[in-house]
Amino acid sequence: MEQGMGSDFKKIDLTSFRPDDAAWGSAVRVVRTLRDRGHPAFLVGGCVRNALLGLPSDDYDVATAARPDDVRALFQKTVDVGAKFGVIIVIDGDCQTQVATFRLDGAYEDKRHPADVSFSDARSDIMRRDFTINGLFMDPFTGEIVDYAGGMRDIEKGIVRCIGNPRDRFREDALRLLRAVRFAARFSFHIHPDTWDALVTMHEGIRQISAERIRDEILKILTGPHPGRALDLLETSGLLAIILPEVQALRGVPQPGEFHPEGDCMEHVRLALEALENPSPTLVMGTLLHDIGKPATIEHSDRIRFNHHDVVGEKIAEEVCTRLRLSNSEK
């Protein structure tokens, strides 16, 4: 098996890493079944990255040389979620494992899905993915890692880096602009200079992404670790001004120092987000938007005041939540 490129990581010690959960067991059974029928198969993506970082995973994805028809024939219960892209869900009790055929993508005409795909080999499959830290295969029986893109090296160094040309990756799917921020904040990684330069240059591309996809990614960012740092990255990249201009407007809005020695309204919100522990999506949105009415109501009288900012803020918050397609109950 091909080993890692430029990294001391060669394999995961499965004696210490063996998740005792149904999802892991189901994914391993899927890999075993595929291999027993002669189809190369590996765990792939985020679950491998998390294993190298010593973190749990919510789900496990499998990549294989088996074609979709082969996968359907091998498992009793499957669901086609993207068969033309080589993606089948295998259902095992309460567990679902995504199984994808090694593929090479064509042009991304809708900025989300390739117009066509061609089934290929393991290396080609890795090289069409988004970030090096997600471009890793793992043998779940030996712990060996297959690394064609230098992902283990970047995990060691704490770097988020696009696979190949970052402009190509962001042009294919602009949601990757937000995903780069999420991974950098979640793992306390740095975004590689080439990837960051492309992100800043191409940040306007986020306008091409649906509100629902943006909402889901923003909620993952804000409910994850280090949301304050994520807010910094969103602001400095230019993404925040596009996605949440109402939040960007908090920057530079002063507060009375005797009550808010931390600084302006943006810093106040940043620290409030950082103070949350395991928050729900509605709690992070409430925290993010709780002072959203201050820029429109600031007055300089005997001191800085924000009269009725709660009333104004309620209307602005509703507009934001509506734009992000939150449900009525969430609003």
Side-chain angles (χ1 to χ4, degrees), residues 46 58-59 61 79-82 85 87 89 96 98 108-114 130 134 169-186 199 202-251 265-266 269-270 272-273 276 278-296 309-331:
D58 295 329
D59 54 67
D61 294 341
V79 177
D80 291 5
V81 293
F85 303 115
V87 181
I89 297 292
Q96 298 186 7
Q98 180 174 288
Y108 281 69
E109 295 178 354
D110 66 353
K111 307 301 182 182
R112 181 176 185 182
H113 299 114
D130 54 3
N134 297 333
R169 299 293 82 78
F170 293 140
R171 194 175 294 113
E172 290 164 351
D173 186 353
L175 190 69
R176 290 169 174 170
L177 299 163
L178 289 178
R179 284 170 59 82
V181 170
R182 173 158 64 91
F183 293 135
R186 178 183 179 187
L199 191 159
M202 302 179 69
H203 71 273
E204 288 282 342
I206 201 65
R207 298 184 189 276
Q208 303 166 345
I209 302 303
S210 70
E212 291 84 357
R213 296 183 75 205
I214 290 174
R215 173 202 62 209
D216 292 347
E217 199 64 31
I218 286 293
L219 291 178
K220 288 177 183 177
I221 288 171
L222 296 180
T223 56
H226 314 302
R229 179 164 184 260
L231 197 64
D232 292 341
L233 292 170
L234 291 172
E235 182 180 11
T236 55
S237 67
L239 289 167
L240 187 65
I242 296 174
I243 297 169
L244 294 165
E246 301 87 351
V247 177
Q248 180 64 65
L250 296 172
R251 174 60 70 200
C265 289
M266 180 72 84
V269 168
R270 181 186 184 281
L273 288 169
L276 300 176
N278 300 317
S280 66
T282 49
L283 180 55
V284 296
M285 287 302 294
T287 304
L288 180 71
L289 302 176
H290 81 277
D291 273 347
I292 207 70
K294 283 188 172 180
H309 78 86
D310 54 330
V311 176
V312 173
E314 179 185 0
K315 295 178 181 178
I316 297 173
E318 183 174 9
E319 292 171 359
V320 172
C321 292
T322 299
R323 188 173 71 241
L324 292 179
R325 307 290 195 270
L326 269 69
S327 68
N328 288 334
S329 62
E330 288 169 328
K331 286 193 285 187

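For this chain, numbers begin at 1 and follow the sequence in order. Being a predicted model, the structure only gives us computed values, none of them experimental.
Summarising the geometry of Gln208 relative to Ala174, their closest heavy-atom pair is OE1-CB, 4.3 Å, with the distance given to 0.1 Å. Taking every heavy atom of both residues into account, Thr223 and Pro279 meet most closely at CG2-O, 3.7 Å. Scanning all heavy atoms of the two residues, the minimum distance from Leu239 to Leu177 falls at CD1-O, 4.0 Å. When all heavy atoms are compared, the tightest approach of Cys265 to Lys294 is SG-CD, 3.6 Å. The two residues Ala249 and Pro295 come nearest to each other via the heavy atoms O-CG, 3.6 Å. Contact detail for Ile292 and Gly313: the closest heavy-atom pair is CG2-O, 3.4 Å.
Side-chain contact check for Val181 versus Arg186: every heavy-atom pair is 4.5 Å or farther apart. Residues Ile243 and Leu178 are in side-chain contact: their nearest non-hydrogen atoms beyond the backbone lie under 4.5 Å apart. Counting heavy atoms from C-beta outward, Leu289 and Ile316 have side chains that stay 4.5 Å or more apart. Using a 4.5 Å heavy-atom cutoff, the side chains of Arg179 and Asn134 are in contact. Annotation: side chain of Gln98 is in contact with side chain of Val87 (closest heavy-atom distance under 4.5 Å). Leu326 is not listed as a side-chain neighbour of Val320, based on a closest heavy-atom distance of 4.5 Å or more.
Considering only residues two or more places apart in sequence or on other chains, Thr322 meets the side-chain hydrogen bond (donor to acceptor under 3.5 Å, both in side chains) condition with Lys331. Residues forming a side-chain hydrogen bond (donor to acceptor under 3.5 Å, both in side chains) with Arg229 (at least two apart in sequence, or on another chain): none. Partners of Glu319 according to the side-chain hydrogen bond (donor to acceptor under 3.5 Å, both in side chains) rule, which considers only residues two or more places apart in sequence or in another chain, do not exist here.
The environment of CD in Glu314 is sparse: at most 12 heavy-atom neighbours from other residues, nucleotides or ligands sit within 6.0 Å. At most 12 heavy atoms of other shown residues, nucleotides or ligands fall within 6.0 angstrom of atom CD in Glu318.
In terms of modelled atom types and a separation under 3.5 Å, the side chain of Arg325 and the main chain of Arg323 share a donor-acceptor contact. For Arg176 (side chain) and Arg169 (main-chain N/O), a donor-acceptor pair under 3.5 Å exists by modelled atom type.
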Item to check | Step-by-step side chain to side chain contact (heavy atoms under 4.5 Å, CB included) determination, Val81 to Val79 | outcome: CA-CA 6 Å; Val81 293; Val79 177; 4.2 Å; yes

Item to check | Test side chain to side chain contact (heavy atoms under 4.5 Å, CB included) applied to Met285 and Leu219, step by step | outcome: CA-CA 8 Å; Met285 287 302 294; Leu219 291 178; 3.8 Å; yes

Item to check | Stepwise side chain to side chain contact (heavy atoms under 4.5 Å, CB included) check, Glu204 with Ile242 | outcome: CA-CA 8 Å; Glu204 288 282 342; Ile242 296 174; 3.8 Å; yes

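The line from CG of Leu288 to CZ of Arg270 is 13.5 Å long, rounded to the nearest 0.5 Å. Taking CZ of Arg215 as the reference point, atom CD1 of Ile209 lies at 14.0 Å (rounded to 0.5 Å). Taking CG from Leu231 and NE2 from His226, the interatomic distance works out to 14.5 Å, rounded to the nearest 0.5 Å. With values rounded to the nearest 0.5 angstrom, Ile221 atom CD1 is found 5.0 Å from Leu234 atom CG. The distance from the OG1 atom of Thr287 to the CG atom of Leu276 is 4.5 Å, given to the nearest 0.5 Å. A distance of 8.0 Å separates OG of Ser210 from CG of Leu175, quoted to the nearest 0.5 Å.
Leu240 pairs with exactly one of Glu246, Met266, Arg251 by the side-chain contact (heavy atoms from CB on, under 4.5 Å) rule, that one being Met266.
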